2 protein chains.
Amino acid sequence: MARHIPSLNALRAFEAAGRQGRMTLAADELNVTHSAISRQIKHLEAMLGVPLFEGPKNNLRLTEAGTTLLSGLGSAFDQIDASVRLVADTEEGALDISCPGTFSMRWLIPRLYRFQAEHPQIEVRLTASSRPVDFDRDGFDVAIRVGDPPWPKGGEVVPLFPEQTGLVLAPPLLQTAAGDFSGLAQLHTRTRPRAWENWRARSGRTVGTGPRLDYEHFYFMLEAARAGLGVCVAPWPYVIDDINAGRLTPPFGFTDSGHHYVALRRERRNRKASLFCSWLQQEAEAFSAAHPVLR
Amino acid sequence: MARHIPSLNALRAFEAAGRQGRMTLAADELNVTHSAISRQIKHLEAMLGVPLFEGPKNNLRLTEAGTTLLSGLGSAFDQIDASVRLVADTEEGALDISCPGTFSMRWLIPRLYRFQAEHPQIEVRLTASSRPVDFDRDGFDVAIRVGDPPWPKGGEVVPLFPEQTGLVLAPPLLQTAAGDFSGLAQLHTRTRPRAWENWRARSGRTVGTGPRLDYEHFYFMLEAARAGLGVCVAPWPYVIDDINAGRLTPPFGFTDSGHHYVALRRERRNRKASLFCSWLQQEAEAFSAAHPVLR
DNA sequence: TTGCCATGTGCGGTTTCCGAACAATGATTG
DNA sequence: CAATCATTGTTCGGAAACCGCACATGGCAA
């Protein structure tokens, strides 16, 4: 990039510090540490050849040059942000969604065609992830997660439906199993390590002992269950189709897990995200109405 | 830096390409290759979720989104540039000067106090360098160099004075030397490898053979000459004081070397650089008047 | 006088960005 | 119609910019 022109990042760091009045606040706003802001400003002062701040560390004030620079930069960056929004915040283009993999496969993707039919100009970019959401770090617009409050900062919570989980296994396995399922392999997933414990506590039921098998993803665990390799605890939305098709059976029905499915969206409004979350809520309501949980 | 906000560099690359109409022209303007521009724009389109250019490679046109984004960005970057200039282009602050080391020591620094007396609010930051000037790469405001046209692009040439060089040695050495100086060590500097050859050609004179000694800088070579270690070819401005003080003597006087001392300044006007170059020219004229070359 | 808060800095690492080289594409020219 | 040209697209490997962490420094308040 052309030399002797200050770095735009440095100008941005200075603008935030000047407007906020403190480097630590600018650091929060730009999601860096105060040392990054301090260094950028120091570099900028060297580049421009004039001090931008003066005074003691605990009471920095803008110099005249700093005030002059800030007044021009503030409106320029506002204009850049507005221009970017004008282009990005439309009802067409890409929308980035983060969603647990198995939930995508079992619940979201089978319904997504309806969203795309309604909004053909929105390109949904789906990323499989169950990782805790951090809107400052992550780049997606909406994250679907199952869990409990507190939800991460910087996001608005759109409730979908509560989660129910239940014991499920293949019907032939049920016919040959002991009454308390002792001896049957107990299938676990690393994504939800406390699923069994939680189910027992919540449902008040228990089963006999059996060998434990761990799978990396729900999907693999469900495949194993369908293959008759054992019994597992699964969320209702993930197994509806298998149950209706007779591939899996829930001997004890389903119980509230205490968790909730939610969509987390950035606080800053985004039309595509709004449309998507509205659609999600409608689908969630329709889902709950059309598939009352087997209790 | 906060995620999901496009890189300012990418926005800058896009703005230049949009305004110029071609990525190759934008690359020239921003001193990068077209591949850097192409990549930045591709990344920006992915980030914003909309295409900014359309059409075949050899005739890219802005999309509607691209046009919208460009109109906002253009004025924002203009405002940033103007704000930076308002702060940097004053008659106070830092001024970066690049100058060959020995010329600094022997000619510039002994005079610099007069510039600083006239302009106490300008902080001259001097860097020793003889390297070919590239204003796109280098960050200084003014470069003093000795040489010949063509001068590098992107700079305005401010002539100072022509260069004369001559054979110089310590007086005691002159007294004991053979008439043609044969046997005396011939001192060279890597900065000016052709100095001797050029002096012989230009002056029409020659000297006997002697061992050759190479020094990395003029300064060291002149130190060696003063110490009576040999004879060297030196530019007049570098040895005036030594000659006047009787530390060196020029047996054949000085001859035009064909080179010229110039100040190279950026094309874009900079008040401090203008002041400095005006001052330099005055000092150069005064120098030439006050120290007529010994012929 | 001590603790707190904010900035400054060194060290080492990460991310962004880049150039070089070549590929791909479409228009132009002979 | 094939070759050439001009422009953009992409991969690879490296450089520069930027950053976090940990600690230092300085000034103010309790």
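Residue numbers begin at 1 in each chain, while the letters A, B, ... track the order of the sequences. Quantities reported herein were computed from a predicted structural model and do not represent experimental measurements.
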Q. Between Thr63(A) and Leu52(A), is there a donor-acceptor pair closer than 3.5 Å when you use the side chain of the first and the backbone of the second?
A. yes
(Q) Judged by each residue's nearest nucleotide on DNA chain D, which is more toward the 5′ side, Arg22(B) or Lys42(B)? (A) Arg22(B)
Q: Grab the NE2-P distance between His43(A) and dT9(C) for me, whole Å please.
A: 15 Å
Q: Return the orientation label for the Trp107(B) and Phe103(B) ring planes: parallel under 30°, perpendicular over 60°, tilted otherwise.
A: parallel
Q) How long is the gap from CZ on Arg19(B) to CZ on Phe77(B), to the nearest 0.5 Å? A) 10.0 Å
Q.
Just the rounded figure in Å: distance from P of dT10(D) to CD1 of Ile41(B).
A. 12 Å
Q: Rounded off to whole Å, could you give me the CG-to-P distance for the Asn31(B) and dC17(C) pair?
A: 17 Å
Q) Think Ser35(B) has a side-chain N or O under 4.0 angstrom from the OP1 or OP2 of dT8(D)? A) no
Q.
From the set dT8(D), dC18(C), dC19(D), return the single nucleotide nearest to any side-chain atom of Gln40(B).
A. dC18(C)
**Q.** Rounded interatomic separation in angstrom, taking CZ from Arg61(B) and C1' from dG26(C)
**A.** 12 Å
Q: May I have the distance from Asn59(A) (atom CG) to dC28(D) (atom P), rounded to whole angstrom?
A: 8 Å
Q: Mind checking the CZ-CH2 spacing from Arg145(B) to Trp151(B)? Nearest 0.5 Å is all I need.
A: 9.5 Å
(Q) Here's a test of your reading of the structure: between Pro56(A) and Ala10(A), which maps to the more 5' nucleotide of DNA chain D? (A) Ala10(A)
Q) Counting only distance, no hydrogens or angles, is the base of dT7(C) paired donor-acceptor with the side chain of Arg39(A) under 3.5 Å? A) no
Q | Atom-to-atom span, CG of Asp28(A) to C1' of dG20(D) - whole angstrom | A | 14 Å
**Q.** Any donor-acceptor N or O pair under 3.5 Å, side chains Asp148(B), His259(B)
**A.** yes
Q.
Checking contacts here: which listed nucleotide (dT7(C), dA20(C), dG9(D)) is nearest the side-chain heavy atoms of Lys57(B)?
A. dG9(D)
**Q.** Shortest side-chain distance from Asn58(B), nucleotide among dA27(C), dA22(D), dC28(D)
**A.** dA27(C)
Q | Interatomic distance, Phe53(B) CZ vs dG9(D) C1' [rounded to whole Å] | A | 14 Å
Q: Could you tell me whether the phosphate oxygens of dG9(D), OP1 or OP2, come under 4.0 Å of any side-chain nitrogen or oxygen in Ser38(B)?
A: yes
Q) Can you tell which of dG27(D), dC17(C), dT8(D) lies closest to the side chain of Asn9(B)? A) dC17(C)
Q: Whole angstrom is fine here: how far is it from CD in Glu54(A) over to P in dA6(C)?
A: 20 Å
Q) What do you reckon, do His34(B) and the base of dT8(D) stack, with centroid distance below 5.5 Å and planes below 30°? A) yes
Q. dC18(D) base to Ser7(A) side chain: any donor-acceptor pair below 3.5 Å?
A. no
Q: With heavy atoms under 4.0 Å as the rule, sort Leu60(B) into base, sugar-phosphate or nothing.
A: sugar-phosphate
